[in-house]
Amino acid sequence: MTQLSPVIWWVRRDLRLADNPVLHAAASSDRPVIALFICDPLVEGLGAAPKWRLGLGVARFARCLDDMGSKLILRRGDALTVLQQLIAQIGATAVWWGRQYDPDQVARDKKVKAALRDSGVDAQSFSGHLLFEPWQVQTGQGTFYQVYSPFWRAVKDLDVAPHLPAPECLRAPAQWPDSDSLADWGLGRAMNRGADVVHPHLHIGEDAARTRLAYFIDRNVADYQDQREFLDQDACSGLSENLTYGEISPGALWRAGQHALDAGKAGAAHFLKEIVWREFAYHLIFHTPHIVSRNWRDGWDSFPWSNDGTGVLRWKQGRTGIDVIDAAMRELYVTGRMHNRARMLVASYLTKHMLTHWRVGQDWFAQCLVDWDPAANAMGWQWVAGSGPDAAPYFRIFNPDTQARKFDPEGRYRRKWLAEISASAPETAQAFFRACPRSWQLSPQMARPNPLVDLAEGRKIALQAYDIKNKT
DNA sequence: GGAGATTTAGC
DNA sequence: CTAAATCTC
């Protein structure tokens with residue numbers, strides 16, 4: 001019996017076996033499957049923490065494929081060139097992949113798909129990263145949604161594709177093509193001193209993601225709506241890290257949330273809404289790709305941002321002098337993550353009180369977040385800055401003190417991450433000084449700086465800047 | 001074109 | 001109480 005020609009599964013941000021449409025199609029085809037991960041310029045261009053974390057995810061996923069008698073082939077270079085070389089080498093006739101939606105990846109994938117199809121290769125993209133394809137959700141007028149609530153109402157009762165089981169095995173090719181060594185790629189190089197500190201906080205891989213989801217559904221989802229706002233509580237799912245690399249599917253979260261809701265866990269309703277916020281971010285990045293680089297509302301182009309390099313450095317270091325802001329920036333550096341509400345607070349402080357362009361914050365998050373997601377990061381920063389999607393009629397400015405009183409009433413979050421405010425700082429807070437660049441010359445014994453900006457003054461300045469924008 | 005609504009607010 | 005724009009139907 002002659003063997004069918006192999007399918008190349010181009011693995012990207014879908015490092016999972018279960019509920020993966022492209023893998024399911026490849027496995028069901030009865031053809032040999034060659035899973036390929038390409039370190040292309042877009043991977044090379046990732047920020048330090050997400051690039052390092054991606055490498056750890058790829059390593060873990062390669063072991064999963066090994067365990068089922070298959071392999072993950074690693075190649076480096078321009079994606080189309082790598083694919084064409086491999087196609088020629090093994091006589092593949094198909095290249096299939098899971099779709100991505102940010103402008104850089106869309107542009108690359110369009111070019112790859114057109115070129116491969118021109119040469120007679122069966123090039124196909126599959127869903128799997130989202131619950132709903134961005135072009136399938138439309139307003140009554142046939143346009144895309146620009147406000148979250150109507151988007152939510154439009155999707156909340158839609159059917160989500162049923163779960164796809166992980167294949168038990170994959171047909172191997174007659175001969176495995178050669179592969180790079182992951183270590184040679186040096187994906188963790190830019191992490192420097194941070195890697196050892198951040199590593200214990202990670203949950204890498206499909207099994208870890210599933211375990212974490214089960215824990216969240218069991219322990220936290222029932223009170224999610226009430227508890228998620230508190231900064232020191234472990235009340236959130238923590239699954240953004242796995243979602244962004246595709247180590248778990250959004251469908252798995254959706255079904256678990258629905259099931260919990262059916263079982264009477266009321267907080268699950270809010271969990272479903274948060275999953276749809278991720279969908280909404282992808283809806284926006286697909287329909288308005290400029291959201292990653294320019295003001296989403298062009299009326300904001302006249303906003304008088306300031307350019308204070310010293311202030312920005314102190315924001316990055318967690319030395320603004322505002323405890324809750326500084327604690328959050330330290331949490332980011334030590335864990336590679338930050339509580340959702342804290343993200344809003346530090347973003348509001350940077351863009352409003354410090355009048356710094358949202359892109360500066362977006363770039364720093366893209367360097368530091370192990371759960372960095374192109375759509376969520378862009379939407380989040382523009383939402384807080386005011387230049388993004390939000391129909392609210394006023395210029396929203398968070399007061400960090402008020403917020404800390406509400407959401408960290410006993411100061412536990414601030415003491416957990418800010419060494420300089422405790423006589424004997426906890427290990428979590430001291431870890432920052434082992435992780436941060438030596439060139440910053442920081443120590444836990446240093447005095448707290450005076451606030452960079454007085455809170456009332458900062459608010460006034462931001463409101464004046466808003467007036468200037470509106471008059472221009 | 002009009003009515004009704006709009007994630008997390010601050011003073 | 002403020003201030004009051006934009007979206008969706």
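In what follows, chains are A, B, ... by sequence order, proteins preceding strands, each numbered from 1. Values below: every heavy atom of this structure, side chains too, minus hydrogens, waters and symmetry copies. Everything quoted here is computed from the prediction, not taken from an experiment.
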Discussion item. Angle between ring planes, A/Phe151 versus A/Tyr145, binned at 30° and 60°: parallel, tilted or perpendicular?
Written reply: perpendicular
Practice prompt. Using the test ring pair (Phe, Tyr, Trp, His ring centres under 6.0 Å), find all partners of A/His201 that sit at least two apart in sequence or belong to another chain.
Written response: none
Fill in: For A/Arg99, the option from A/Gln124, A/Glu133, A/His129 that meets side chain to side chain donor-acceptor pair (under 3.5 Å)
A/Glu133
Worksheet, complete the sentence: Numerically ordered, the residues 404-416 of chain A set in heavy-atom contact under 4.0 Å with DNA chain B is A/Lys406
Discussion item. Walk me through whether A/Trp135 and A/Phe286 qualify under ring pair (Phe, Tyr, Trp, His ring centres under 6.0 Å).
Written reply: CA-CA 9 Å; A/Trp135 49 88; A/Phe286 179 79; 5.2 Å; yes
Response to the item:
Out of C/dC7, B/dT8, B/dC11, minimum distance to the side chain of A/Thr402 belongs to B/dC11
Worksheet item: With rounding to whole Å, what would you report as the distance between C/dA4 and B/dG4 at their P atoms?
Response: 22 Å
Practice prompt. Ignoring backbone atoms, test whether A/Asn399 places a side-chain nitrogen or oxygen under 4.0 Å from the OP1 or OP2 oxygen of B/dC11.
Written response: yes
Discussion item. Can you see if the side chain of A/Gln403 gets near the phosphate of B/dG10 - specifically, an N or O under 4.0 Å from OP1 or OP2?
Written reply: yes
Worksheet entry | Candidate nucleotides B/dC11, B/dA9, B/dT6, ranked by approach to the side chain of A/Val147 - the nearest | B/dT6
Discussion item. Among A/Asp262, A/Asp159, A/Asp19, exactly one meets salt bridge (charged side-chain N to carboxylate O under 4.0 Å, His left out) together with A/Arg255. Which residue is that?
Written reply: A/Asp19
Worksheet, complete the sentence: DNA chain C in dot-bracket form (Watson-Crick or G-U pairs under 3.5 Å, [ ] crossing, | inter-strand) is ||..|||||
Discussion item. For A/Phe216 and A/Phe271, take the angle between the two ring planes, folded into 0 to 90°, and tell me which bin it lands in: parallel under 30, tilted 30 to 60, perpendicular over 60.
Written reply: tilted
Discussion item. Roughly how many Å apart are C/dT8 and B/dG1, using the C1' atom of each and rounding to a whole number?
Written reply: 13 Å
Worksheet entry | Whole angstrom value for the distance that separates P of B/dC11 from NZ of A/Lys352 | 13 Å
Worksheet entry | Rounded C1' spacing from B/dT6 to C/dA3 in Å | 15 Å
Worksheet entry | Nearest-Å distance for atom pair CD1/C1', residues A/Ile397 and C/dT2 | 12 Å
Item to complete: Given side-chain hydrogen bond (donor to acceptor under 3.5 Å, both in side chains), test A/Arg13 with A/Thr244 step by step and report yes or no.
Response: CA-CA 7 Å; A/Arg13 289 179 169 261; A/Thr244 193; 3.0 Å; yes
Worksheet item: Starting at CZ of A/Phe151 and ending at P of C/dC7, how long is that distance when rounded to a whole Å?
Response: 17 Å
Discussion item. Can you tell me how the ring of A/Trp305 sits relative to the ring of A/Phe303, calling it parallel under 30°, perpendicular over 60° and tilted otherwise?
Written reply: tilted
Worksheet item: Given C/dC9, is OP1 or OP2 found less than 4.0 Å from the side-chain N or O atoms of A/Tyr145?
Response: yes
Worksheet item: How are the rings of A/Phe230 and A/Phe407 set to each other: parallel, tilted or perpendicular (split at 30° and 60°)?
Response: perpendicular
Discussion item. Whole angstroms only, please: what is the CZ-C1' distance between A/Phe144 and C/dT8?
Written reply: 13 Å
